[in-house]
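The structure's right below; bear with me while I get my questions together.
In this text the structure is predicted, and so the values were computed from the model without any measurement.
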Amino acid sequence: MTVDGEQRTAAQGSTAADLYAGRRDVVAARIGGVLRDLSTPLAEGDVVEAVPVGSPEGLEVLRHSTAHVLAQAVQQLHPSARLGIGPPVRDGFYYDFDAEVPFTPEDLKELTAAMARIVKEGQTFRRRTVTDEQAREELAAEPYKLELVELKGRAGDGADAAEGASVEVGAGELTIYDNVRRDGTVAWKDLCRGPHVPSTRVLGNGWALTRTAAAYWRGDQANAQLQRVYGTAWPTKDELRAHQERLAEAERRDHRRLGAELDLFSFPEEVGSGLAVFHPRGGVIRRAMEDYSRRRHEEDGYEFVYSPHITKGALFETSGHLDWYADGMYPPMHLDEERGEDGAVRRQGQDYYLKPMNCPMHNLIYAARGRSYRELPLRLFEFGTVYRYEKSGVVHGLTRARGFTQDDAHIYVTPEQLASELRALLDFVLGLLRDYGLDDFYLELSTRNPAKSVGTDESWQVATDALTEAAAGSGLELVPDPGGAAFYGPKISVQARDAIGRTWQMSTIQVDLNLPERFDLTYTAADGSKQRPIMIHRALFGSIERFFAVLLEHYAGVMPPWLAPVQVVGVPVAGEFAPHLHDVAARLRAQGVRVEVDDSDDRMQKKIRTHAKAKVPFVLIAGGEDVAAGAVSFRYRDGTQDNGVPVEEAVARVVEAVRSRVQV
RNA sequence: GCCAGCAUGGCGCAACUGGUAGCGCACCUGUCUUGUAAACAGGGGGUUGUGGGUUCGAGUCCCACUGCUGGCUCCA
């Protein structure tokens with residue numbers, strides 16, 4: 001047989017476990033290309049590869065096995081709990097249960113203790129094949145597992161019955177895993193495709209339960225709600241700790257936390273859920289972001305428009321938004337209705353809606369007069385604030401708000417212009433994102449969902465082809481997202497990875513042949529005929545508030561100087577040196593630098609601490625030596641110093657850092 | 001919207017099984033002021049998210065609402 005690329009012979013009846021007896025890190029084997037348990041007997045000619053616990057597949061096996069131990073613990077402590085699905089997920093696993101009483105944090109502690117006992121006991125996972133018949137019999141008390149068995153019998157193989165279901169029932173035969181105690185008795189069993197680690201001991205102490213949550217059976221809101229327990233699992237305790245440290249780092253960067261700490265924005269309860277107010281310091285950052293974007297758009301041929309926040313409902317009937325998204329819109333205000341004394345309507349009222357989108361307004365601007373092909377591409381841009389009635393459970397800081405401002409542009413082109421405009425647009429978008437400090441991207445192509453879309457197949461094909469071509473031209477990885485498009489057209493979205501590796505959906509570019517139709521938009525072509533323009537929707541930040549949050553988390557609040565609320569603070573070593581710093585500050589201010597001098601009666605060390613915590617990019621310190629030399633001393637945010645820098649040079653250094661938008 | 005948890009001065013937290021609110025930072029006042037992350041002293045500030053209930057008595061118990069957190073569903 002072939003073992004990890006080498007020819008070897010093995011005794012009759014030996015297993016993969018025998019081959020890797022000396023390697024404790026091997027948790028499974030790939031035999032003939034299929035992931036199998038180590039206990040699998042080998043046959044002549046088998047091609048065997050080790051699956052180490054640290055490999056992506058090894059981690060999945062480890063995590064899935066940990067999920068089994070969790071389920072065993074749950075049924076041990078809560079015998080009436082019925083089993084749902086328990087797959088591995090990123091960094092860990094979950095298992096869903098139909099439990100009479102929802103789990104509490106205390107339950108989590110008890111479950112952890114019960115799991116630790118099972119792990120320590122060293123139960124082995126034993127695989128056996130069962131017929132559908134046997135499975136139905138053995139799982140008579142597990143209605144959810146039965147449902148998976150039934151689904152397997154129907155179209156497909158059941159693996160697509162629900163997210164994660166593939167770990168329970170694979171293609172072909174059904175298998176049940178018994179958890180066997182040392183004395184040979186069966187502690188617990190579960191319908192499962194496997195494979196599993198050989199013994200619960202392998203799990204060691206590299207796992208932890210993290211939280212409980214509710215989840216709908218098979219991911220459908222119409223189904224029963226199950227109790228989900230999440231956990232994380234790693235090959236070693238050190239790796240578990242490292243993972244927990246990464247979570248702690250993400251928490252330290254949380255924009256909601258930094259927003260309060262740095263006095264940038266808040267969500268007053270009096271205003272309403274999901275509605276932010278920006279404080280002066282947050283306002284500076286936001287304005288710097290917007291100003292730069294505005295300038296770049298001007299340079300790239302965009303024209304700026306403005307539109308109201310509220311409109312009559314008919315506009316959203318024309319656009320189709322009321323058909324598709326009425327639930328996500330704030331309910332209408334019914335205005336102007338008059339009734340007689342008999343209660344009968346004398347004058348018909350009107351429904352007004354807060355706008356959830358800017359595009360219908362921009363279409364009206366386009367349609368305000370006849371358009372010539374000479375005007376195209378016509379690029380209309382607006383920082384347009386929109387309002388969406390997000391469901392209460394999804395509102396999340398600035399990243400999922402009920403009121404937010406899109407940097408929204410609609411570009412009207414002739415069919416001939418579409419391809420080149422898209423290509424240029426993608427360049428423009430990526431370039432601008434890089435200027436804000438993001439530089440690791442991939443693209444996603446969201447295509448038509450037939451159940452949720454309007455328009456002809458041809459128009460969707462044209463639009464999708466144009467986007468695919470533009471994406472290919474960028475050289476970036478393109479991930480398909482079938483059915484992910486909005487109702488009016490396909491889209492490319494730019495996904496950006498931040499400083500700690502998380503990905504965020506940033507810009508979107510959508511090609512739309514449907515709204516121009518609905519709004520009956522036309523232009524006069526060179527031959528005098530009326531033609532239909534194609535519309536491109538694009539948002540670069542998506543939402544300014546959300547982009548603000550992403551940048552804040554990306555930089556962990558340590559904003560590059562051009563975005564920092566206060567760019568320079570002068571700290572005199574003693575009060576008598578303050579005038580020197582005020583002179584320096586005046587020179588900086590004349591160059592547009594946001595600078596303050598700390599005249600408070602704190603001691604110098606305290607002032608440094610204060611401004612370090614505020615993450616001010618440049619602290620300029622001046623004492624007797626600096627004044628005598630006509631210099632200042634730099635203290636950077638990482639604690640490094642550059643002392644005795646001549647004032648002229650210091651000013652130039654700060655101005656250049658701001659101008660070039662570098663991080664310091 | 002659903003499930004669970006949480007809500008105490010601006011921020012972070014404390015107050016045993018119900019006995020009438022305290023600390024640190026921040027803020028204000030005064031004194032102090034020479035080299036890179038916290039000088040010292042004093043002071044002000046909370047009807048414990050809102051409304052109702054139980055109780056002799058509620059920050060602590062119950063109900064509703066509002067908001068937040070973590071998931072699920074959703075995200076034009």
Side-chain angles (χ1 to χ4, degrees), chain A residues 94 96 99 101-108 163 210-230 254 256-257 260-261 263 266-274 316 319-329 355-360 386 388-397 399-400 406 408 452 484-489 491 505 508 510 512 515 537 539 542-543 571-578 600-613 619-627 633-637 639-644:
Chain A
Y94 66 79
D96 288 343
V101 184
F103 297 125
T104 64
E106 281 70 52
D107 289 327
L108 231 49
E163 188 202 4
T210 48
R211 55 181 159 266
T212 58
Y216 300 105
W217 169 239
R218 294 173 59 202
D220 188 336
Q221 206 169 165
N223 288 340
Q225 199 163 48
L226 305 182
Q227 292 298 311
R228 176 170 294 180
V229 178
Y230 278 96
D254 191 310
R256 296 165 299 183
R257 178 194 181 110
E261 277 174 12
D263 193 17
S266 60
F267 294 89
E269 193 178 325
E270 294 85 337
V271 178
S273 179
F316 294 118
S319 69
H321 286 99
L322 268 173
D323 290 341
W324 296 97
Y325 299 112
D327 286 350
M329 291 166 65
K355 67 172 169 180
M357 285 290 272
N358 300 302
C359 43
V386 298
R388 298 180 182 177
Y389 192 71
E390 299 286 2
K391 286 188 285 186
S392 60
V394 307
V395 171
H396 181 93
T399 58
R400 193 82 182 269
Q406 296 181 311
D408 208 1
K452 282 174 71 178
F487 71 88
Y488 48 79
K491 79 173 174 204
Q505 177 177 311
T508 59
Q510 295 168 272
D512 181 359
L515 286 187
H537 305 242
S543 131
V571 172
V573 169
E576 62 179 286
F577 309 116
S600 71
D601 51 11
D602 285 332
R603 284 170 133 76
M604 180 198 61
Q605 288 85 345
K606 178 59 185 294
K607 292 181 183 182
I608 287 168
R609 175 179 157 87
T610 301
H611 303 114
K613 287 181 72 172
V619 174
L620 297 186
I621 296 167
E625 293 166 29
D626 296 292
V627 172
S633 294
F634 279 79
R635 183 193 157 92
Y636 292 95
R637 287 177 289 199
T640 57
Q641 308 176 23
D642 193 0
N643 296 335

Any Arg211(A) side-chain nitrogen or oxygen under 4.0 Å from OP1 or OP2 of G70(B):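 For G70(B), neither OP1 nor OP2 has a side-chain N or O of Arg211(A) closer than 4.0 Å.
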Stepwise side-chain contact (heavy atoms from CB on, under 4.5 Å) test for Phe634(A) and Leu620(A): CA-CA 5 Å; Phe634(A) 279 79; Leu620(A) 297 186; 3.6 Å; yes
Nearest-nucleotide 5' precedence on RNA chain B, Thr104(A) against Asp626(A):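 Whichever sits nearer the 5' end wins; that is Thr104(A).
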Whole-angstrom distance between G1(B) and A64(B), as gauged at atom P: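 15 Å, rounded to whole Å.
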Residue-phosphate contact under 4.0 Å: Tyr389(A) side-chain N/O, C75(B) OP1/OP2: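 No, because none of the side-chain N or O atoms of Tyr389(A) sits under 4.0 Å from OP1 or OP2 of C75(B).
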Spacing of the P atoms in C25(B) and A38(B) (rounded, Å):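 Approximately 13 Å lies between the P atom of A38(B) and that of C25(B).
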Sugar-phosphate, base or nothing in reach of Lys355(A), heavy atoms under 4.0 Å: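 The residue Lys355(A) makes no contact with any strand.
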Candidates G67(B), A76(B), G71(B) - which lies nearest the side chain of Tyr230(A):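 Of G67(B), A76(B), G71(B), G71(B) is nearest to the side chain of Tyr230(A).
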Gap between atom OG of Ser633(A) and atom CD of Glu625(A) - 0.5 Å precision: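 If I round to the nearest 0.5 Å, the distance is 7.5 Å.
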Sugar-phosphate, base or nothing in reach of Gly484(A), heavy atoms under 4.0 Å: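 Here Gly484(A) touches no strand at all.
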Under-3.5 Å donor-acceptor pair between Tyr216(A) side chain and G71(B) base: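 No.
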Euclidean distance for P, G59(B) against C16(B) (whole angstrom):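 Approximately 13 Å lies between the P atom of G59(B) and that of C16(B).
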Residue-phosphate contact under 4.0 Å: Lys613(A) side-chain N/O, G12(B) OP1/OP2: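 For G12(B), OP1/OP2 do not have a side-chain N/O of Lys613(A) under 4.0 Å.
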Distance, P atom - from C72(B) to C11(B), rounded to whole angstrom: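 About 29 Å, rounded to a whole number of Å.
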Separation of the P atoms in G19(B) and C61(B), to the nearest angstrom: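 My reading of the P atoms in G19(B) and C61(B) gives 11 Å.
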Base A4(B) paired with Arg228(A) side chain (donor-acceptor, <3.5 Å):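 In this structure, the two groups form no donor-acceptor pair.
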Base C72(B) paired with Gln225(A) side chain (donor-acceptor, <3.5 Å):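 A donor-acceptor contact between them is absent.
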Whole-Å distance separating the CG atom of Asp254(A) from the C1' atom of C11(B):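 One finds 15 Å between C1' of C11(B) and CG of Asp254(A), rounded.
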Atom pair distance, as rounded to whole Å: CD in Glu270(A) and C1' in C68(B):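 Distance check: Glu270(A) CD to C68(B) C1' gives 14 Å.
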Spacing between Phe267(A) atom CZ and C11(B) atom C1', to the nearest angstrom: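 Distance, rounded to whole Å: 17 Å.
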Whole angstrom value for the distance that separates C1' of A37(B) from CD1 of Ile621(A):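 After rounding, the reported distance stands at 11 Å.
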Strand RNA chain B in bracket notation, Watson-Crick/G-U under 3.5 Å with | for pairs to another chain: (((((((..((((.....[..)))).(((((.......))))).....(((((..]....))))))))))))....
Side chain of Gln605(A) - closest among A26(B), A4(B), U36(B):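 Looking only at side-chain atoms, Gln605(A) lies closest to U36(B).
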Side-chain N or O of Thr212(A) closer than 4.0 Å to phosphate OP1/OP2 of A4(B):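 For A4(B), OP1/OP2 do not have a side-chain N/O of Thr212(A) under 4.0 Å.
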Nearest listed nucleotide, side chain of Ile608(A), among A37(B), U73(B), C68(B):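 Output: A37(B).
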Any Ser633(A) side-chain nitrogen or oxygen under 4.0 Å from OP1 or OP2 of G35(B):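 For G35(B), OP1/OP2 do not have a side-chain N/O of Ser633(A) under 4.0 Å.
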Presence of donor-acceptor pair under 3.5 Å, side chain of Asp327(A) and base of G1(B):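 No such pair is found, so the answer is no.
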Length of the line joining Glu390(A):CD and C75(B):P, which is rounded to integer Å: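 Whole-Å distance recorded here is 10 Å.
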Set of side chain to side chain donor-acceptor pair (under 3.5 Å) partners for Tyr325(A), sequence neighbours left out: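 Once residues adjacent in sequence are excluded, Tyr325(A) has no partner under the side chain to side chain donor-acceptor pair (under 3.5 Å) criterion.
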Separation of C68(B) C1' from Lys391(A) NZ (nearest whole Å):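 Roughly 19 Å, once rounded to whole Å.
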Residue Ala215(A), side-chain atoms from C-beta onward, closest of C2(B), C72(B), G71(B):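 Shortest atom-to-atom distance from the side chain points to C72(B).
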side-chain N/O Lys491(A) vs C75(B) OP1/OP2, d < 4.0 Å: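 Lys491(A) to C75(B) OP1/OP2: no side-chain N or O under 4.0 Å.
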Contacts of Arg635(A) that satisfy side chain to side chain donor-acceptor pair (under 3.5 Å) - sequence neighbours left out: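 So Arg635(A) forms no side chain to side chain donor-acceptor pair (under 3.5 Å) with any residue.
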For Lys452(A), side-chain contact (heavy atoms from CB on, under 4.5 Å) partners two or more places apart: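 Listed in chain order: Trp324(A), Asn449(A).
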Interatomic distance at C1', A39(B) relative to U33(B), whole Å: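 Each nucleotide's C1' atom is 9 Å from the other's.
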Check against side-chain contact (heavy atoms from CB on, under 4.5 Å), Phe103(A) and Val229(A): CA-CA 8 Å; Phe103(A) 297 125; Val229(A) 178; 3.6 Å; yes
Interatomic spacing from CZ in Arg609(A) to CD in Gln605(A) - rounded to 0.5 Å: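 Output value for this atom pair is 12.0 Å.
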side-chain N/O Arg635(A) vs A37(B) OP1/OP2, d < 4.0 Å: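 Answer is yes, contact under 4.0 Å.
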5' precedence on RNA chain B between Asp220(A) and Asp642(A) (nearest-nucleotide basis):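 Per heavy-atom nearest nucleotide, the more 5' residue is Asp642(A).
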Audit row: His396(A), Arg256(A), side-chain contact (heavy atoms from CB on, under 4.5 Å) steps and yes/no: CA-CA 9 Å; His396(A) 181 93; Arg256(A) 296 165 299 183; 3.1 Å; yes
Sugar-phosphate only, base, or nothing, as touched by Pro356(A) at under 4.0 Å among non-hydrogen atoms: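 The answer is base, as Pro356(A) lies within the cut-off (heavy atoms under 4.0 Å) of a base atom.
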Touch class at under 4.0 angstrom, heavy-atom based, for Gly320(A) against every strand present: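 Contact class for Gly320(A): none.
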Integer-rounded Å distance: U36(B) P and Gln641(A) CD: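 So the two atoms are 7 Å apart, to the nearest Å.
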Under 3.5 Å side-chain donor-acceptor pair for Gln641(A) and Asn643(A):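 Distance-only check passes for Gln641(A) and Asn643(A).
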Table of protein N/O atoms under 3.5 Å from nucleotides 47-52 of chain B N/O atoms:
none

Gap between atoms CE and P, on Met357(A) and A76(B) respectively (whole Å):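 About 9 Å, once rounded to whole Å.
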N/O donor-acceptor pair under 3.5 Å between Arg228(A) side chain and Ala213(A) backbone: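 A pair under 3.5 Å: no.
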Quiz item: Arg400(A) side-chain donor-acceptor pair to C74(B) base, under 3.5 Å: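 Side chain to base: pair present.
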Span that lies between the P atom of C13(B) and that of C28(B), in whole angstrom: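 Result for the P pair: 24 Å, nearest Å.
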Sugar-phosphate, base or nothing in reach of Ser273(A), heavy atoms under 4.0 Å: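 Sugar-phosphate contact only.
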Reading 5' to 3' through nucleotides 29-34 of chain B, protein heavy-atom contacts under 4.0 Å coded B for base, S for sugar-phosphate only, - for none: --BBBB
Check: Tyr230(A) main-chain N/O paired with Thr210(A) side-chain donor or acceptor under 3.5 Å: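 Indeed, once roles are kept as given, a pair shorter than 3.5 Å links the two residues.
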Nearest-0.5 Å distance, CD of residue Gln227(A) to OG1 of residue Thr104(A):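 The OG1 atom of Thr104(A) is 10.0 Å from CD of Gln227(A), to the nearest 0.5 Å.
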Candidate nucleotides U36(B), G35(B), C3(B), ranked by approach to the side chain of Asn643(A) - the nearest: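 Looking only at side-chain atoms, Asn643(A) lies closest to U36(B).
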Rounded distance in Å between the C1' positions of A37(B) and A76(B):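 Their C1' atoms lie roughly 48 Å apart.
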Distance below 4.0 Å between His396(A) side-chain N/O and C75(B) OP1 or OP2: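 No, outside the criterion.
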